[in-house]
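Comments concern the structure below.
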Amino acid sequence: TDDTVPRHEGDIAIPAAAVEAVRRAEVITVFTGAGMSADSGIATFRDTETGLWARFDPTEIATPAAWDNDPGLVWAWYQWRARLVCDAEPNAGHRALASLERDRGVFVVTQNVDDLHERAGSTAVSHLHGSLFAPRCSNCGRLYQGTDADPERAVQELRVEPPSCPICLSPVRPGVVWFGEGLPAGEWQAAENAFAFADVVLVVGTSGVVYPAAALPEQALDRGVPVIEFNPEPSALSRFVTHSVRASAGVGLPALLE
Ligand SMILES: CC(C)NC(=O)[C@H](Cc1c[nH]c2ccccc12)NC(=O)[C@H](CCCC/N=C(/NCCC(=O)O)S[C@H]1O[C@H](COP(=O)(O)OP(=O)(O)OC[C@H]2O[C@@H](n3cnc4c(N)ncnc43)[C@H](O)[C@@H]2O)[C@@H](O)[C@H]1O)NC(=O)OCc1ccccc1
Ligand SMILES: [Zn+2]
């Protein structure tokens, strides 16, 4: 129940209690999903793809089974996504979070495999589902430093053979977490700590259906920490959060934080 005058920015209303909770917070934890990067032109998982990869269901291709069946297809898909991210820029939402770090403790816990939070200047970022820019050997796990000979190919071709590990010659795989795979322990621990210390939690651009990630904001609510959601559409978390603001990341976050 928002009892005082909300802050109006353009046509979005941010409950005054949400503004107050952020104003009072020393530690702000931000949980982000694909919607955080939508304003940078990166399609979300929900957006029906266009072009070459339109006919692939991300929850099918982002699996160990897809990799076992067709590593060239899966490698090309991630090279293509990495290429899109390289061509994109952080948006006003990413930048607002990075600038907030100047005078508050801000932890970003993201499901995104892009590097737009870091490119905007955020320093405390934990990637629950890995990164497009940390390929590693599918056998010995060594990080792969090689550059993909021809990133352009992944835009044109459906299959690009993954490079081989210089140590054990096994195929190099994308450094992301596939469905059915456990999350990286270090990133998960950092995320749990970020939520444990939070005075307020911002949930930005996520449908809130992928676990165990989606359990983090729920646990914060159980501890009575205010959770403020920014999403142009209702999500699976909307009915639980303290405040749900119907706004995009690129508009809502600057409105709240500036
Ligand atoms: C689909 C779901 C039901 N399935 C799961 O959750 C599964 C299974 C499961 C586990 N526990 C459960 C409990 C219940 C039910 C199911 C499960 N979870 C797993 O498999 C996890 C692993 C899950 C991680 C998978 N990898 C990803 N990504 C990396 C790869 C890649 O990117 O290719 S998940 C991937 O999909 C998810 C997509 O969700 P969102 O980011 O929210 O994006 P979405 O498109 O859905 O929504 C966008 C939102 O933005 C909004 N929006 C749009 N524009 C804007 C805008 N402009 N501004 C703001 N918001 C905007 C939209 O309105 C919308 O709400 C993200 O998490 C993303 O990282 N692993 C595991 O459980 O392993 C076991 C295990 C345990 C121990 C040891 C061994 C094994
Ligand atoms: Zn190897």
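Both ligands and their constituent atoms are indexed starting at 1 by order of listing.
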Query raised in the report: Among P135, P174, P162, which residue meets the side-chain contact (heavy atoms from CB on, under 4.5 Å) test with Y78?
Result: P174
**Report entry** Proximal candidate to atom 76 (C) of ligand 1 [heavy atom criterion; set G182, A236, S235, P234]
**Finding:** G182
Requested in this report: Have a look at ligand 1 and work out which part of E181, if any, has a heavy atom under 4.0 Å from it: side chain, backbone, both or neither.
Outcome: backbone
Requested in this report: Please say whether more than 12 non-hydrogen atoms of neighbouring residues, nucleotides or ligands are located less than 6.0 Å from CD in E26.
Outcome: no
**Report entry** Test side-chain hydrogen bond (donor to acceptor under 3.5 Å, both in side chains) applied to N91 and S40, S248, S37, the passing residue
**Finding:** S40
Query - Other ILVMFWY residues reachable from F31 by side-chain steps of under 4.5 Å - result: V109, L128, V177, L183, W188, F195, V201, V203, L216, L221, V225, V227, L237, F240, V241
Query raised in the report: When you measure from atom 74 (C) of ligand 1 to each heavy atom in G180, P212, G250, which option holds the nearest one?
Result: G180
**Report entry** Geometry at the Zn ion (ligand 2) - C168 SG versus C137 SG angle, rounded to 10 degrees
**Finding:** 100°
Query raised in the report: For R81, is at least one N or O under 3.5 Å away from an N or O on ligand 1?
Result: yes
Query raised in the report: N/O of N231 under 3.5 Å from N/O of ligand 1, yes or no?
Result: yes
Requested in this report: Show which atoms of ligand 1 fall inside a sub-4.0 Å distance from at least one heavy-atom site of Q111.
Outcome: 66 (C), 67 (O), 68 (C), 69 (O)
Report summary line: Note: ligand 1 atoms sitting under 4.0 Å from heavy atoms of G33 are 41 (O)
Query raised in the report: Honestly curious: do L84 and F133 fall in one hydrophobic cluster under the side-chain, below-4.5 Å linking rule?
Result: yes
Query raised in the report: Can you check whether N112 has an N/O within less than 3.5 Å of an N/O in ligand 1?
Result: no
Report task. Output, in order, the C-alpha distance, side-chain angles, deciding distance and verdict of side chain to side chain contact (heavy atoms under 4.5 Å, CB included) for V22 and L202. Result -> CA-CA 9 Å; V22 169; L202 307 182; 4.2 Å; yes
Query raised in the report: If every non-hydrogen atom of S235 is compared with every non-hydrogen atom of S207, which pair is closest and at what distance?
Result: CB-O, 3.8 Å
Query - Residue pair E89, R95: steps toward the side chain to side chain contact (heavy atoms under 4.5 Å, CB included) verdict - result: CA-CA 10 Å; E89 289 302 325; R95 293 195 297 276; 5.9 Å; no
Query raised in the report: With a 3.5 Å cut-off and no angle check, do the side chains of T32 and T110 form a donor-acceptor pair?
Result: yes
Query raised in the report: Which atoms of ligand 1 are found less than 4.0 Å from any heavy atom of G205?
Result: 48 (C), 49 (C), 50 (O), 59 (C), 60 (N)
Requested in this report: Show your reasoning for whether side chain to side chain contact (heavy atoms under 4.5 Å, CB included) applies to V251 and F230.
Outcome: CA-CA 9 Å; V251 171; F230 286 86; over 6 Å; no
Query raised in the report: For ligand 1, which part of A38 has a heavy atom less than 4.0 Å away: the side chain, the backbone, both, or neither?
Result: side chain
Report task. Output, in order, the C-alpha distance, side-chain angles, deciding distance and verdict of side chain to side chain contact (heavy atoms under 4.5 Å, CB included) for V108 and E101. Result -> CA-CA 10 Å; V108 175; E101 245 189 67; 5.8 Å; no
Query raised in the report: Is it the case that more than 12 heavy atoms not belonging to R142 sit under 6.0 Å from its CZ atom?
Result: no
Requested in this report: Check whether any N or O atom of V177, backbone or side chain, sits under 3.5 Å from an N or O atom of ligand 1, and answer yes or no.
Outcome: yes
Report task. Just jot down the ligand 1 atoms closer than 4.0 angstrom to any heavy atom of A62, in number order. Result -> 33 (O)
Query raised in the report: Looking only at distance, does V113 have an N or O less than 3.5 Å from an N or O of ligand 1?
Result: no
Query raised in the report: For G130, is the nearest heavy atom under 4.0 Å from an atom of ligand 1?
Result: no
Query raised in the report: Any salt bridge between D70 and R159, counting N to O under 4.0 Å?
Result: yes
Query raised in the report: For ligand 1, which atoms, with element, lie under 4.0 Å from some heavy atom of A34?
Result: 40 (P), 41 (O), 43 (O)
**Report entry** C165 SG and C140 SG subtending at the Zn ion (ligand 2) (10° steps)
**Finding:** 110°
Report task. For E233, take its heavy atoms, then give the atoms of ligand 1 lying under 4.0 Å from any of them. Result -> 63 (O)
Query raised in the report: Any idea which part of V209 is under 4.0 Å from ligand 1, heavy-atom wise: side chain, backbone, both or neither?
Result: backbone
Query raised in the report: Out of D39, T63, L183, whose heavy atom is nearest to atom 57 (N) of ligand 1?
Result: D39
Query raised in the report: Is S248 close to ligand 1, meaning an N/O of one under 3.5 Å from an N/O of the other?
Result: no
Query raised in the report: Heavy-atom contacts under 4.0 Å between S207 and ligand 1: side chain, backbone, both, or neither?
Result: both
